[in-house]
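Here's the structure, in structure tokens; my notes come after.
The figures that follow rest on heavy atoms only: side chains count, while hydrogens, waters and symmetry mates do not.
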Amino acid sequence: MFSRQQKHVLLKFFSMFSVVRGYNVLIVIIAQYLSAIYILAHDKPIKSVVFDLNLLMIILASATTIASGYIINNFYDSEKDLINRPQKSMLDRLVGQNTKLVFYFVLNFIAVIFASYVSFRAVIFFSIYIFGIWFYSHKLKKMPIIGNITSAILTITPFFAVFIYYKNFETVIFVHAMFLFLILSMRELTKDLENIKGDLALGYKTIPIVYGEKTSKIMLTILAILTLIPAYLLIYNYQVGRMTYFFYLSVVLLLIFLILVWKSNSKLHYLLLHNILKFIIVAGVFSIVLIDINVVLNRIL
């Protein structure tokens with residue numbers, strides 16, 4: 001049995017893990033490594049990619065920056081989350097606001113240290129990224145359209161860091177990026193619909209509040225249709241191996257999403273739509289290994 005003090009420390013740990021969305025950070029780390037191995041550096045031996053210290057430092061810098069971003073976002077959204085996510089908010093509040101700020105600055109400092117191992121340009125890149133996350137959380141998040149676009153861009157920025165490192169400019173990479181960007185944009189707009197109660201109470205000018213739920217659903221429909229374009233290209237115009245199964249599944253899920261979005265009128269409905277998009281994103285990460293299993297197995301040897 002744990003002592004009272006040990007239970008307190010354990011609760012604090014889980015609280016901070018919840019604040020930094022540790023599971024999301026882990027997914028990003030896995031996604032960066034898989035995209036490097038299978039897409040961005042597919043012509044290099046796996047060992048040279050996995051044991052590349054520069055890549056490791058870029059991924060660690062990304063992970064610490066993302067974690068700090070979740071902290072500052074949680075800091076600014078604490079009152080809103082109390083309305084939209086009361087149970088999670090109660091867990092997050094086990095760590096004080098001052099403690100969160102300390103962790104925020106420490107993680108950003110560590111991120112810069114990791115980046116400095118790679119190059120001065122990496123330091124500049126991650127410094128701008130850190131500032132971008134703060135500016136989004138402080139100002140842009142409350143603005144319709146601009147906030148949604150900025151959030152989607154900030155989410156794919158860690159992959160852009162790996163992309164710059166390998167300097168791989170194949171067209172297929174941009175098509176992958178467009179698919180991900182559109183799914184993330186849909187997710188952000190769906191989150192706005194899900195959180196409309198808290199956003200309205202605290203004066204956030206999100207798309208559903210400014211333009212209404214019907215307009216938001218029209219925008220989601222347009223985004224879903226646009227997402228079918230890169231999905232089609234990746235299935236029929238590019239060699240993505242067995243990952244085509246993922247894109248077929250994504251098309252089916254997007255069609256289900258389109259049907260459900262026009263029938264949704266409650267937080268629970270929008271949560272279901274949000275989870276469909278989250279599943280597509282997470283499944284997409286692990287589906288990267290399906291691009292060419294045989295070639296990758298040969299590269300291990």
- request: Show the numbers, then the answer: is there a ring pair (Phe, Tyr, Trp, His ring centres under 6.0 Å) between Phe114 and Phe126?
  value: CA-CA 10 Å; Phe114 285 141; Phe126 281 101; 9.6 Å; no
- request: Could you label the plane-to-plane angle of the Phe247 and His176 rings as parallel, tilted or perpendicular, counting under 30° as parallel and over 60° as perpendicular?
  value: tilted
- prompt: Who are the side chain to side chain contact (heavy atoms under 4.5 Å, CB included) partners of Thr155, not counting sequence neighbours?
  reply: Ser151, Leu184
statement: Minimal heavy-atom distance between Asp52 and Tyr165, with the atoms involved, is OD2-OH, 2.6 Å
- prompt: Is the backbone of Ala152 close enough, under 3.5 Å, to the side chain of Glu188 for a donor and an acceptor to pair up by distance?
  reply: no
query: Listed by chain and number, what are the ring-ring contact (aromatic ring centres under 6.0 Å, His included) partners of Phe160, not counting sequence neighbours?
result: Phe163
message: Using the rule given for side-chain contact (heavy atoms from CB on, under 4.5 Å), can you reason through Leu40 versus Phe159, listing the C-alpha separation, both sets of side-chain angles and the distance that settles it, and then say yes or no?
response: CA-CA 10 Å; Leu40 297 169; Phe159 301 96; 6.0 Å; no
- prompt: For the residue pair Trp134 and His138, does the interplanar ring angle fall in the parallel (under 30°), tilted (30 to 60°) or perpendicular (over 60°) class?
  reply: parallel
- prompt: Is Leu53 reachable from Phe125 through a run of hydrophobic residues whose side-chain heavy atoms are each under 4.5 Å from the next?
  reply: yes
query: Distance only, no hydrogens: is a donor on one side chain within 3.5 Å (strictly under) of an acceptor on the other, for Tyr204 and Asn195?
result: no
task: Using distance alone, with no hydrogens and no angle criterion, decide if Tyr270 and Glu213 have a side-chain donor and acceptor under 3.5 Å apart.
output: yes
message: Can you confirm whether Lys197 is buried at NZ, in the sense that more than 12 heavy atoms of other residues, nucleotides or ligands lie under 6.0 Å from that atom?
response: no
